[in-house]
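Here's the structure, in structure tokens; my notes come after.
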Amino acid sequence: MTTQHNVNALAEQLTAATRSGSLSAAYSVLQAVPGSMLKEVGLRSGFAADTAKKPRDVMAFLLPQVAEATRRQTDGYGLRKIAQAAP
């Protein structure tokens with residue numbers, strides 16, 4: 001399996017976890033993502049990216065977004081729609 005397929009598969013797993021409302025599953029997916037692919041997996045799931053380069057910093061940037069998406073049972077794209085609809 002190529003790295004591209006791994007990124008897609010991990011992004012799909014993260015999206016499924018957040019949409020199901022399972023914070024533990026979402027965090028498990030994030031923990032399984034290799035640091036070098038973390039930002040790309042987040043982006044493919046619709047989460048905002050930061051200019052951070054270190055995996056630890058990318059993770060710190062993604063975690064609040066993933067937690068909020070999980071609470072609302074959506075993904076990063078859904079969070080954007082929610083933010084746009086807010087007054």
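The shortest distance between side-chain heavy atoms of F47 and V41 does not fall below 4.5 Å. Side-chain atoms of D50 and V58, non-hydrogen and from C-beta on, never get closer than 4.5 Å to each other. Two residues are said to be in side-chain contact when any heavy atoms from C-beta on lie closer than 4.5 Å; L10 and P34 meet this criterion. In this structure, the side chains of S28 and Q31 stay at 4.5 Å or more apart for every pair of heavy atoms. Taking 4.5 Å as the limit, some side-chain heavy atom of Q65 sits within range of a side-chain heavy atom of L62.
Under a hydrophobic-cluster definition in which Ile, Leu, Val, Met, Phe, Trp and Tyr are linked whenever side-chain heavy atoms come within less than 4.5 Å, directly or via other members, Y77 and L43 are assigned to different clusters. Residues L14 and M37 fall within the same hydrophobic cluster, defined by Ile, Leu, Val, Met, Phe, Trp and Tyr side chains chained together at heavy-atom separations under 4.5 Å.
Smallest separation of non-hydrogen atoms from P64 and A60: CD-O, 3.2 Å. Y27 and V66 make their closest contact through CE2-CG1, 4.3 Å (heavy atoms, listed as atom of the first residue, atom of the second, distance). Heavy-atom minimum distance, K39 versus A49: CG-CB, 4.3 Å. Shown here for S45 and D75, the closest heavy-atom pair between the two residues is O-CB, 3.8 Å. Closest non-hydrogen pair, A67 versus L23, comes out as CA-CD1, 3.8 Å.
A distance-only check finds no donor-acceptor pair linking the side chain of R44 to the backbone of V7 [under 3.5 Å].
Atoms CD1 and CZ, on I82 and R80 in that order, are 12.5 Å from each other to the nearest 0.5 Å.
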*Can you check side chain to side chain contact (heavy atoms under 4.5 Å, CB included) on Q73 and T18, steps first, answer last?*
CA-CA 6 Å; Q73 294 185 324; T18 59; over 6 Å; no
